[in-house]
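Worksheet: one structure, shown below.
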Amino acid sequence: MGTEREIRVRFAPSPTGALHIGGGHTALFNWLWARHKGGRFVLRIEDTDRERSTQAYEETIMSGMRWLGLDWDEGPDVGGVYGPYRQSERLNLYRENAERLVREDKAYREGEAIIFRVLPGEDLSFDDVVYGRIEVASDGLREKGSDELKDIVLIKSDGMPTYNYAVVVDDHLMNISHVIRGEDHISNTPKQILLYHALGWELPAFAHLPMILGKDKKKLSKRHGATSVYEFRDMGYMPDSVFNFLAILGWSPGDDREIFSRAEAVELFELSRVVRKPSVFDPDKLNFINQEHLKRLDPMTRLEMVRPFWQELGLPIASHDDAWLADALTLMGGRGKTAKELAGFSDYFVSFEPVKARYTPEFSEEEKADLKDFFTKLLAVPDWTDSALEAQAREWVAQRGVKMKDYAMTLRFALTGMKVSPGIFEVAQHLGRDETRRRLAHYGLI
RNA sequence: GGUCCCAUCGUCUAGUGGCCUAGGACACAGCCCUUUCAAGGCUGCGGCGCGGGUUCGAACCCCGCUGGGACCGCCA
């Protein structure tokens, strides 16, 4: 008991862009593992590329993680005993250890740079938590198109450490127990192992994650459309949905469960159940998952999801109380894959204006007389409930021997300006007698 | 070109030698429900890449082939 090494994992993005869906996936699995094991999740900023790193991107990445609900225990903003957590602030650490290697004749200087000498015959194989044993030929570090073993740059001419070196120093000094990262790093691992050996440090456990591919089976990139987690937020996907979707990309709980909460994912997550095959990002599946989460939301939370999109449409939300708006959304049932769609589909509850803009019918006098009779009697029902309204409507069409559909559709258009909506008598009930009358009057139907 | 990894329905996956005439989910199609569209219910379509072994028995183990992916920067 308590003899196992403390679980410490890290997500180490470089601040050269927004939080990408692939980065989110990696961050998520690290977070899941830390939370599942009761360990620590560290955020480290790898800003050694002076050209491309910016403070703004660092903040964007952090807020993207917060949006996804991935909170970290140590990081540049919250600190921690293993700090600092920005590589640009750890330069002395990289230099000290590199100079030690120079003194031990394991590395040499070349101008301002420090370069590690790669000797032949090293065993570069390792055990990966998800991939198992990875056998690497000792000459696996050969230079492209050459037979020469390629030495590893530790410190660049600008004084900054290279990725492969800094990651080793940091993971060791930050006492990282599991290095969980994308499969694209699998071929970097042997180099890093060489450095661990040279430095005399114990290896962390390595766990590589399958890549996320686009529909064309190529590594997901901008060409595939939305890739930053913010784009998904702006399209009306909920953080819990993106979280859920990312979690089942390359991992499954083993049973048939696919829709789950953060807490359930933490409970169920196992690194050993991560698959080895790259998976294709399927927007249809994301839509489905989002819709499921949207349906499960309590009315008030759903309202908060939809509110910004109603706002975006310029609708006068303030003229209704929240409970009424939330109920309107409940009436929408499973309609809409995203909060944005749901907002667009339900605008007529908030305001009559979009309805007027959409629906501009022209009735003949004959049609009008007929409809007027129908609607006048409908408006006169004693209790304004959907069942009473429907009963009245059915009685009226039965007497005339006409189709319910024709009248229900006219009512639907007049109330919503759309050809699809929830049950139209329910909509009328929710809008209320006065608002229904106002809308019908606008079209001259009463 | 070199190194490494991977291979079950279109997609995400379950499956670790017999329970598999391969299960679930998305998507797709049809039906039911119905004032519309969703939702929901039911049904259907669809897969172990190929070839050799091993075994009484292979989706599961081994080999080869084919296919796909990743990496080979003083980028991370």
Side-chain angles (χ1 to χ4, degrees), chain A residues 12-17 23 46-53 87 110-115 124-125 128 130-132 134-137 139-147 150 152-167 181-191 208 210-211 213 215 217-219 245 248-259 273 275-289 291-292 295 332-337 345 390 393-394 397 403-413 416 418-425:
Chain A
S14 72
T16 55
E46 310 220 323
D47 56 348
T48 56
D49 183 341
R50 285 173 157 169
E51 304 279 295
R52 301 191 300 146
S53 300
Q87 290 189 327
E110 195 173 285
E112 297 300 306
I114 297 179
I115 300 174
L124 305 174
S125 304
D128 190 277
V130 344
Y131 284 87
I134 294 181
E135 298 285 353
V136 185
D139 62 347
L141 296 183
R142 261 185 289 135
E143 191 167 10
K144 191 174 183 175
S146 157
D147 286 340
K150 187 157 167 56
I152 301 169
V153 176
L154 266 24
I155 305 286
K156 300 184 269 185
S157 299
D158 68 356
M160 298 298 253
T162 57
Y163 163 75
N164 278 124
Y165 173 59
V167 79
R181 65 207 340 181
E183 186 241 59
D184 48 342
H185 286 293
I186 233 169
S187 48
N188 282 146
T189 309
K191 288 179 208 168
H208 289 90
M211 298 275 88
L213 275 23
K215 201 149 191 68
K217 304 258 182 134
K218 299 276 184 235
K219 195 170 165 181
F245 175 68
I248 59 169
L249 223 43
W251 173 76
S252 81
D255 53 24
D256 288 334
R257 259 199 284 187
E258 289 195 301
I259 306 295
R273 289 196 58 86
V275 304
R276 286 168 282 276
K277 194 182 66 153
S279 47
V280 175
F281 182 99
D282 181 8
D284 284 332
K285 190 85 172 195
L286 209 212
N287 282 337
F288 166 74
I289 290 174
Q291 191 173 31
E292 289 303 306
K295 281 194 288 195
M332 292 299 291
R335 275 158 272 246
K337 308 273 188 206
F345 290 170
E390 184 172 346
R394 284 196 187 286
V397 298
K403 282 196 198 139
M404 172 71 135
K405 184 175 176 176
D406 298 329
Y407 295 84
M409 277 314 281
T410 304
L411 178 58
R412 171 167 290 112
F413 274 118
T416 72
M418 291 181 168
K419 61 175 187 283
V420 304
S421 80
I424 196 57
F425 300 111

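Heavy-atom basis, side chains included; hydrogens, waters and symmetry copies ignored. Throughout, a chain's letter reflects where its sequence line sits, starting with A, and its residues are numbered from 1.
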Partners of A/Glu183 by salt bridge (charged side-chain N to carboxylate O under 4.0 Å, His left out), sequence neighbours excluded? none
Hits for side-chain hydrogen bond (donor to acceptor under 3.5 Å, both in side chains) against A/Tyr131, two or more places apart or cross-chain, chain-then-number order -> none
Expressed as a whole number of angstroms, how long is the span from A/Lys191:NZ to B/U3:C1'? 11 Å
Side chain to side chain contact (heavy atoms under 4.5 Å, CB included), that's the test. Do A/Ile424 and A/Thr416 meet it? Break it down for me. CA-CA 9 Å; A/Ile424 196 57; A/Thr416 72; 4.1 Å; yes
Just call it for A/Arg273: base, sugar-phosphate, or nothing, with non-hydrogen atoms closer than 4.0 Å on any strand. sugar-phosphate
Applying a 4.0 Å non-hydrogen cut-off, can you work out what A/Val275 is touching in the nucleic acid: base, sugar-phosphate, or nothing? sugar-phosphate
Taking B/A76, B/A39, B/A14 as options, the one with an atom nearest any side-chain atom of A/Lys295 is B/A39
Write down the partner of B/C37 under the Watson-Crick or G-U wobble criteria, each distance required to be under 3.5 Å. none
With sequence neighbours excluded, what pairs up with A/Thr16 under the side-chain contact (heavy atoms from CB on, under 4.5 Å) test? A/Ser14, A/Arg52, A/Ser53
Closest to side chain of A/Glu46, choosing from B/A39, B/A76, B/G10: B/A76
Heavy atoms under 4.0 Å, any strand shown: does A/Asn188 hit a base, just sugar-phosphate, or nothing? base
Between the protein and nucleotides 23-25 of chain B, which nitrogen or oxygen pairs are less than 3.5 angstrom apart?
from: B/G24; atom 1: N2; to: A/Glu258; atom 2: OE2; distance (Å): 3.4
from: B/A25; atom 1: O4'; to: A/Glu258; atom 2: OE1; distance (Å): 3.2
from: B/A25; atom 1: O2'; to: A/Glu258; atom 2: OE1; distance (Å): 2.5
from: B/A25; atom 1: O2'; to: A/Lys285; atom 2: NZ; distance (Å): 3.1
from: B/A25; atom 1: N3; to: A/Lys285; atom 2: NZ; distance (Å): 3.1

Listed partners of A/Ala393 passing side-chain contact (heavy atoms from CB on, under 4.5 Å), at least two apart: A/Phe374, A/Leu378, A/Met404, A/Phe425
Would you kindly give the CE-to-P distance between A/Met211 and B/C4, to the nearest whole Å? 19 Å
Any strand counts, and the cut-off is 3.5 Å on both contacts for Watson-Crick or G-U wobble. Which nucleotide pairs with B/U55? none
Taking only residues two or more places apart in sequence or in another chain, which ones pass side-chain contact (heavy atoms from CB on, under 4.5 Å) with A/Glu110? A/Tyr108, A/Ile115
Considering only nitrogen or oxygen atoms on both sides, find all protein atoms under 3.5 Å from nucleotides 5-8 of chain B and state each distance.
from: B/U8; atom 1: OP2; to: A/Lys277; atom 2: NZ; distance (Å): 3.0

Go ahead and name the base partner of B/U3; Watson-Crick or wobble counts if both distances stay under 3.5 Å, otherwise write none. B/A70
Set of residues satisfying side-chain hydrogen bond (donor to acceptor under 3.5 Å, both in side chains) with respect to A/Arg394, sequence neighbours excluded: A/Glu390
So what does A/Ile289 touch, heavy atoms closer than 4.0 Å: a base, only the sugar-phosphate, or nothing? nothing
Side chain of A/Glu110 - closest among B/A70, B/A76, B/C74: B/C74
Quick one: do A/Tyr165 and A/Val153 satisfy side chain to side chain contact (heavy atoms under 4.5 Å, CB included)? Show the steps, please. CA-CA 8 Å; A/Tyr165 173 59; A/Val153 176; over 6 Å; no
Look through every strand shown and name the nucleotide pairing with B/G44 as Watson-Crick or G-U wobble, where both distances are under 3.5 Å. B/C28
Table of protein N/O atoms under 3.5 Å from nucleotides 32-36 of chain B N/O atoms:
from: B/U35; atom 1: OP1; to: A/Arg394; atom 2: NH1; distance (Å): 3.1
from: B/U35; atom 1: OP1; to: A/Arg394; atom 2: NH2; distance (Å): 2.2
from: B/U35; atom 1: O2; to: A/Arg412; atom 2: NH1; distance (Å): 3.2
from: B/U35; atom 1: O2; to: A/Arg412; atom 2: NH2; distance (Å): 2.9
from: B/U36; atom 1: O2'; to: A/Lys419; atom 2: O; distance (Å): 3.1
from: B/U36; atom 1: O2; to: A/Ser421; atom 2: N; distance (Å): 2.9
from: B/U36; atom 1: O2; to: A/Ser421; atom 2: O; distance (Å): 3.2
from: B/U36; atom 1: N3; to: A/Arg412; atom 2: NH2; distance (Å): 3.0
from: B/U36; atom 1: N3; to: A/Ser421; atom 2: O; distance (Å): 2.5
from: B/U36; atom 1: O4; to: A/Gly423; atom 2: N; distance (Å): 3.2

Tell me if the side-chain of A/Ser157 makes a donor-acceptor pair with the base of B/C74, cut-off 3.5 Å, by modelled atom types. yes
Nucleotide nearest A/His185 (side chain, heavy atoms from C-beta), chosen from B/G15, B/C71, B/A76: B/A76
Are A/Lys217 and A/Val280 close enough, and set up right, to give a side chain to side chain contact (heavy atoms under 4.5 Å, CB included), and what steps lead you there? CA-CA 7 Å; A/Lys217 304 258 182 134; A/Val280 175; 4.0 Å; yes
Checking A/Glu112 now: which residues fulfil side-chain hydrogen bond (donor to acceptor under 3.5 Å, both in side chains) with it, not counting sequence neighbours? none
Less than 4.5 Å apart, any side-chain heavy atom of A/Ile259 and any of A/Phe288? yes
Round to a whole Å and report the spacing from CD of A/Gln291 to P of B/A38. 11 Å
So, OP1 or OP2 of B/A76: does either fall under 4.0 Å of a side-chain N or O from A/Lys156? yes
Quick one: does A/Pro161's side chain get under 4.5 Å of A/Gln87's, heavy atoms only? no
What interatomic distance, in whole Å, is found between P of B/G15 and the corresponding atom of B/C9? 16 Å
The residue, A/Ser14 or A/Asp284, whose nearest nucleotide of RNA chain B is more 5′ is A/Asp284
Starting at atom CD1 of A/Ile248, determine the distance to atom C1' of B/A27, rounded to an integer number of angstrom. 14 Å
Donor-acceptor under 3.5 Å (A/Asp128 side chain, A/His208 main chain): yes
Between CG of A/Leu249 and CZ of A/Phe281, what distance do you get to the nearest 0.5 Å? 8.0 Å
Roughly, in whole Å, what's the span from OH in A/Tyr163 to C1' in B/C75? 11 Å
Proximal nucleotide (of B/U3, B/C75, B/U13) relative to the A/Arg52 side chain: B/C75
So what does A/Arg257 touch, heavy atoms closer than 4.0 Å: a base, only the sugar-phosphate, or nothing? nothing
At under 4.0 Å, does any side-chain N or O of A/Lys218 touch on OP1 or OP2 of B/G69? yes
Whether A/Thr16 contacts B/A76 is assessed here as follows: a side-chain N or O lying under 4.0 Å from the phosphate OP1 or OP2. Is that the case? no
With the side chain of A/Ser252 defined as its heavy atoms from C-beta on, choose the nearest nucleotide among B/A27, B/A14, B/U11. B/A14
Evaluate whether atom CD of A/Glu51 has more than 12 neighbouring non-hydrogen atoms of other residues, nucleotides or ligands under 6.0 angstrom away. no
Are OP1 or OP2 of B/C4 and a side-chain N or O of A/Ser187 less than 4.0 angstrom apart? no
Respond yes when some side-chain nitrogen or oxygen of A/Thr162 is under 4.0 Å from OP1 or OP2 of B/A76, and no when none is. no
Considering residues at least two apart in sequence or located in another chain, which fulfil the side-chain contact (heavy atoms from CB on, under 4.5 Å) criterion with A/Lys285? A/Phe245, A/Ile248, A/Glu258, A/Asp282, A/Ile289
How would nucleotides 58-64 of chain B be written as a contact map, 5' to 3', with B for base contact, S for sugar-phosphate-only contact and - for no contact, using protein heavy atoms under 4.0 Å? -------
